[in-house]
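No hydrogens, no waters, no symmetry mates; every other heavy atom, side chains included, goes into these values.
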Amino acid sequence: MEEVGRASPAGSRQRAPPTVRLAAKGCVVAEALREEFPKVFQMITDADGASVLLRAVQSYWRSQELPKTEALVAVDVAAVGADATARGACEEEEDEVGVLKWLLTRLLVYLRGELQNALEVRTSLLLGAGQGLFVRRPVVEGEWLCVYSGTLVSFAALVKAKERGDPPSDYVMGGFGVYSVDAAAHPDVMARYANDPYEAPEHRNSHFVKLKGPKKAILVAKRDLEVGSELYVDYGAGFWRARGVASAMPPSTAEPASATATVAFASLAAVAPQSTVVGAASDGRGG
């Protein structure tokens, strides 16, 4: 049997790897993309918009410089096609369609800016921390939750602000080269409400994956979370140093807080008034 994608015997043509596709009609995620983001939908589907194409999704994913996940690497169409055997033709296709759905689901979170109907903002369990970000449904490890975005601020502008003696913004996320992202004027950005229990780092249950091209960051769950859990991240030592805290406390042996328990980190309120502790910027927030 001639293997797909490999050199064929002399005189025969090399077969191209199969095109993995998913019918758009009836696929909830694909239908949402068609309605909410028609331009993107057009880029990832065939000419008549009937099917979502894996290779087109991969191409768009890379153009946005989204994380190079294991799933993305695993579904390199040419590589999978070359390895297809009599056993695997149907099974390989099923696996690829599953990964295509995985990519579409996360792409929709990225474009929307949040996992729909999964998050809410309310009073934080950290005393004095103002508002916090909570999950409204069970979340699994690795799930994309929301996207940190905002106004781009140059490094020069931040230096000038410091020279003027302006207080540091609590919504500036560094780590994007010469620019930072400030979500202060964007209260609709859910990711900015994640807090940092800096005295008890074992409570940090999520983290940011920074996208240097789009200058955004994806908030990702570090472990499975139950309904009502507050999302906690690491702001980074630079954030706390700017507020008079030399470093975070070493990890304790305490169990992570339950979804309903009040976490009493009084020193968090002492670092800054309630209005300045609201929300989060990023892992390594200080740049």
Under 3.5 Å, side chain of [X] to main-chain N/O of [Y], donor-acceptor pair present?
X	Y	result
N195	Q131	yes
K222	V233	no
D224	V140	no
S206	Y232	yes
W144	T105	no
S63	Y60	yes

- prompt: Are L100 and L111 connected, step by step, through hydrophobic side chains (Ile, Leu, Val, Met, Phe, Trp, Tyr) whose heavy atoms are closer than 4.5 Å?
  reply: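 Yes, it is one cluster - the side chains of L100 and L111 are joined through contacts under 4.5 Å.
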- request: State yes or no: do W102 and V28 share one hydrophobic cluster built from I, L, V, M, F, W and Y residues joined by side-chain heavy-atom distances below 4.5 Å, directly or via other members?
  value: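 Different clusters: W102 never reaches V28 through Ile, Leu, Val, Met, Phe, Trp or Tyr contacts under 4.5 Å.
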Approximate separation, where rounding is to 0.5 Å, of [X] [atom1] and [Y] [atom2]:
X	Y	atom1	atom2	result
L104	L33	CG	CG	6.0 Å
L158	S180	CG	OG	5.0 Å
M173	F239	CE	CZ	11.5 Å
L54	K101	CG	NZ	13.0 Å
L22	E96	CG	CD	12.5 Å

message: Taking the ring of Y148 and the ring of F208, is the distance between their centroids below 6.0 Å?
response: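 Yes: the rings meet the under 6.0 Å criterion.
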field: Partners meeting salt bridge (charged side-chain N to carboxylate O under 4.0 Å, His left out) with R137 (sequence neighbours left out)
entry: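 Expected list: E143.
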task: Go through the structure and list residues passing salt bridge (charged side-chain N to carboxylate O under 4.0 Å, His left out) with E141, not counting sequence neighbours.
output: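 Result, salt bridge (charged side-chain N to carboxylate O under 4.0 Å, His left out) vs E141: none returned.
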task: Tell me, with the steps shown, if V109 and L145 meet side chain to side chain contact (heavy atoms under 4.5 Å, CB included).
output: CA-CA 7 Å; V109 173; L145 303 173; over 6 Å; no
- prompt: Taking only residues at least two apart or on different chains, which pairs with a member in residues 37-54 satisfy side chain to side chain donor-acceptor pair (under 3.5 Å)?
  reply: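 Output for this query lists R21-D46.
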message: Quick test of your reading: applying side chain to side chain donor-acceptor pair (under 3.5 Å), list the pairs with at least one residue in residues 211-220, sequence neighbours left out, ordered by first then second residue.
response: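 Residue pairs with at least one partner in residues 211-220: there are none.
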Restricting to non-hydrogen atoms, name the atom on [X] and the atom on [Y] that form the minimum distance, rounded to 0.1 Å.
X	Y	answer
V135	E226	CG2-O, 3.2 Å
H203	R223	O-NH2, 3.6 Å
A184	S169	CB-OG, 4.3 Å
K210	G175	NZ-CA, 3.8 Å
W61	P67	NE1-O, 2.8 Å
S124	F134	CA-CZ, 4.1 Å

task: May I ask you to list the residues sharing a hydrophobic cluster with F155, side-chain cutoff 4.5 Å, ordered by chain and number?
output: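 V159, listed by chain and number.
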Flag side-chain contact, heavy atom, 4.5 Å: [X] against [Y]:
X	Y	answer
P187	Y193	yes
L119	R136	no
L108	F37	yes
L66	L107	yes
C27	V52	no

- prompt: Checking side chain to side chain contact (heavy atoms under 4.5 Å, CB included) for the pair W240/D196: CA distance, chi angles, key distance, verdict?
  reply: CA-CA 10 Å; W240 295 113; D196 179 4; 2.9 Å; yes
- prompt: C146 pairs by side-chain contact (heavy atoms from CB on, under 4.5 Å) with which of V189, I218, L133, L231?
  reply: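 So the option named by the test is L133.
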task: Applying side chain to side chain contact (heavy atoms under 4.5 Å, CB included), run through S154 and V178 and close with a yes or a no.
output: CA-CA 6 Å; S154 68; V178 297; over 6 Å; no
field: R122 with E120: basic N within carboxylate O range, under 4.0 Å
entry: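 Looking at R122 and E120, the cut-off is met.
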More than 12 heavy atoms from other groups under 6.0 Å of NZ on K160: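 Count not over threshold, so no.
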Other residues, nucleotides, ligands: >12 heavy atoms within 6.0 Å of Y179 OH: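 Incorrect, the count does not exceed 12.
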message: With no hydrogens and no angle check, just 3.5 Å: does a side-chain donor-acceptor pair link S149 and H186?
response: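 No, H186 and S149 have no side-chain donor paired with an acceptor closer than 3.5 Å.
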Candidate pair I44 and L53, rule side chain to side chain contact (heavy atoms under 4.5 Å, CB included), full reasoning: CA-CA 6 Å; I44 63 175; L53 307 179; over 6 Å; no
message: Under the salt bridge (charged side-chain N to carboxylate O under 4.0 Å, His left out) definition, can you give me all pairs with a residue in residues 22-33, not counting sequence neighbours?
response: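 For residues 22-33, and leaving out neighbouring residues, the salt bridge (charged side-chain N to carboxylate O under 4.0 Å, His left out) pairs sorted by first residue read E31-R34.
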